[in-house]
Amino acid sequence: MTAETLRAAAAQPTNLRYGKGLRKLITPVAIAIVLAALYVWVGTLQLDSIEQRSLNSAVIIQKAIEHLRLTVVATALVVVIAIPLGVVASRAKNRLITPFILGTANLGQAVPAIGLLVLCTFVMGVGFQTALVGLVAYAVLPVLRNTMVGVQQVDPALIEAARGMGMTKGQVLRRVELKLAVPAILAGLRTSLVLTVGMATMGAFVAAGGFGELIINGLKLQRMPVTIVGGVLTASIAFLVDWLGGLAEDLLKPRGM
Amino acid sequence: MFETDTGGAQIQLRALTKQFPGQAEPAVDSVDLDIPAGELVAFVGPSGCGKTTTMKMINRLVEPTSGEIRIGGEDVLALPPDELRRHIGYVIQQIGLFPHLTIGENVGLVPKLLGWDRPKAEARTEDLLALVNLEPGEYRDRYPRQLSGGQQQRVGVARALAADPPVMLMDEPFGATDPITREHLQNEFLKLQKDLRKTIIFVTHDFEEAIKLGDRIAVLRNQSHIAQYDTPANILANPADDYVASFIGADATLKRLALMTVDEVPTEGPPDPALPQVETGTSLREALDLMVANGTDRCSSPAGVLSYTALCASIGREEVAAGDR
Amino acid sequence: MSLSEYVASRWDTLSLAAAEHALVVAIAIGIATLAGVGIGLVTHRVPRASNASLAVSAGILTIPSLALLTLLIPITGLGWTSTLVALTAYALLPIIRNTVVGLRGVDRATVEAGRGMGMSRVRVLMKVQLPLAWPLILTGIRVSTQMLIGIAAIAAFVDGPGLGTQIFEGLSRLGSVNSLNATLAGTFGIVIVALLFDLFFSVVRHLTTPRGLRVRN
Ligand SMILES: Nc1ncnc2c1ncn2[C@@H]1O[C@H](COP(=O)(O)OP(=O)(O)OP(=O)(O)O)[C@@H](O)[C@H]1O
Ligand SMILES: [Mg+2]
């Protein structure tokens, strides 16, 4: 996200919030409708024993928990790793590595997530931790990049004003630079959260569970309903997480910006 | 932190020099300057001559290469920089209000840094907002983006005054405002300074502004060499050289008239109700305007009749030539 | 067998897979560019319409690729068609967004000058705005391409073409002699394809940026 778009977003008058508030409800309502339709549709099917083994509430809840656990833990790790690194990378004396990070962040998109996951398997074997490492490695870059850019784009006049009134360097970082970078950091976090939810689907390839397992099993056993349920649930959870991310953005963004 | 009798503290610069790394010549070369406590000194000079650099060395946002700075007799270079800056007010052209903090929080920031307790800091914030003509109840909880440029500039001044610093550094503080707002801010600021008597360094590109606000003006050449350092009236009357004269511009006479009031000119006879009337405190320039507008060569003040000849004599001239306009 | 020996012994398979990978991405990007720039051109003056198209394409991008690819199977079957549809859909957002931003960003004065010279709206759009917005649009296409190259790897799971087949082969034969080699060949092959595309776009940008825009002050 460029400085301009950030500014433009920040400059939007607050009275747009109300209209936005209504629009915010569209996503959860749509998800609810889709899930209800899915439920009804599955109800009309004659499920054979194989399908029944996957399509029951116990399994689905377990897959949901696995999926969310992977996503949440990975995101927490990303926050802990990427934000401090982003701050370090943003400091003037480290500016030499800026283009390196930006370049890696852009090309990193081209490294296939599935390749990364499978390669992790060769090092660590299959399971939750493997999936976690792959997810974190993949999702760190958007947050790292946005933290770095967010801190670097803070108006130098504000930093001069802060220094001029006697804030120490640490105070300037905590009270001014990081606070003003919050919208950019949150935007990066939301991006990586959605990436993580999507990639957690692939956790099933390395036996880390999640909704991906329904998709894969359905395809393997040629039971399309199972695959479709898995696909719809995965998409729903991605939209839900993105929606929650949007809410968090609005909530955590410093007021006055 | 600094010794002060009035609201301000004396500033002394001795052989102050700044050489930025990788540059052939120093940006500021051996400046000597004494600023008496409680006075406002305006720095004027061409872009890049070192005004900002000189000023920033005083609060050590730029570390001097060599030389000495004393505030109230104390050696500034021996003090911890962050602590020093909390006792020097600093206003910049871009204002630099923090957009994520309310007006009240912006103003209360330095008191907080100094560890004042909350009630004291809040009371101070209210006083300051009132001082710069912003109704605290209305503005304290607003955010900077919800204020006009002129209002933001007032908050900038209030913020710099928050810890009651004896010294203020102001770098083109009104530079980004429109002429009408600027004049308004200048007038308010003059009134404020009359009471506060801070020691102020005020950088400006606008010579009129320097004349209006400055107790003294330092006209700077490249590398902050001082071309002339004197009161506005003296600089207008006796520019040290062509360089200084070029700053004053063609209408020096009118500027000088603007600095004097009708009360400073000897009058002839009692007030005459038939003539155009001026009040005490009216500037000579306004009096002259009135005469020209009415096609007379006199006007009447409460003290007596004021003639064109007397007006000219007051600045040592026989007439105010058309070229002075 | 070392990786280099593996690559040498499977050169035909690998190069074919790489070519297919590049081809499927290229076709998807081609379609998405036509569609995305078209949508941008039509909607950029109506904020509601452009916001709606941006919201929809952002929504598509939110759907995890494995989910979208499998949900397409009942409609478009396994293989190329599903892969192309999914990739094209994913590529839309960056292209539409940069087209809209680019066209809107063209200096008002420039547009008015064109109109003042008697050019029609459409002519101004095609002769003035589009060329000026082109560098930004191209950036959008480039971003989309990098993204698609990564996503296309997963398409192999629904019998799609490309180097992803190597990765899934490695996964399915985990522990056998060449499984690591296959995964490495697939993964690095994809990175190489990505680098080549990026190089290609650098050249294209240089060749297609209006001369006047290349001169920097
Ligand atoms: N951080 C820096 N590094 C290197 N050179 C600098 C730095 N800051 C200022 N200079 C140089 O020092 C000289 C004086 O700059 P300064 O900012 O003090 O000028 P100024 O009088 O304030 O100009 P203006 O009226 O345009 O604000 C200029 O030549 C400038 O290029
Ligand atoms: Mg300056």
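Computation of the quantities below employed the complete heavy-atom set of this structure, encompassing side-chain atoms and omitting hydrogens, waters and symmetry-equivalent molecules.
Residue contact with chain A, scored on non-hydrogen atoms closer than 4.5 Å, is absent for Arg60(B). Heavy-atom distances place the backbone of Leu97(B), and not its side chain, under 4.5 Å from chain A. Heavy atoms of Leu158(A) lying under 4.5 Å from chain B belong to its backbone as well as its side chain. No part of Leu169(B) comes within reach of chain A, as not one of its non-hydrogen atoms sits under 4.5 angstrom from that chain. For Glu160(A), the parts lying under 4.5 angstrom from a heavy atom of chain B are both the backbone and the side chain.
Closest approach of Pro99(B) and Leu180(A) over heavy atoms only: CG-CD2, 3.6 Å.
Classification of Arg163(A) and Asp82(B) as a salt-bridged pair holds, one side-chain N sitting under 4.0 Å from a carboxylate O.
No more than 12 heavy atoms of other residues, nucleotides or ligands sit less than 6.0 Å from atom CD of Gln129(A). By the neighbour-count criterion of 12 heavy atoms within 6.0 Å, atom CZ of Arg69(A) is sparsely surrounded, having that number or fewer from other residues, nucleotides or ligands.
Between chain B and the residues Pro254(A), Gly166(A), Ala162(A), the most heavy-atom pairs under 4.5 angstrom are made by Gly166(A). Annotation: maximal heavy-atom pairing with chain B below 4.5 Å, among Gly164(A), Pro156(A), Ala161(A), occurs at Gly164(A).
Checking side-chain atoms of Arg85(B) against main-chain N and O of Met165(A) turns up no donor-acceptor pair under 3.5 Å. His100(B) places a side-chain N or O within 3.5 Å of a backbone atom of Arg175(A) that can act as its donor or acceptor partner.
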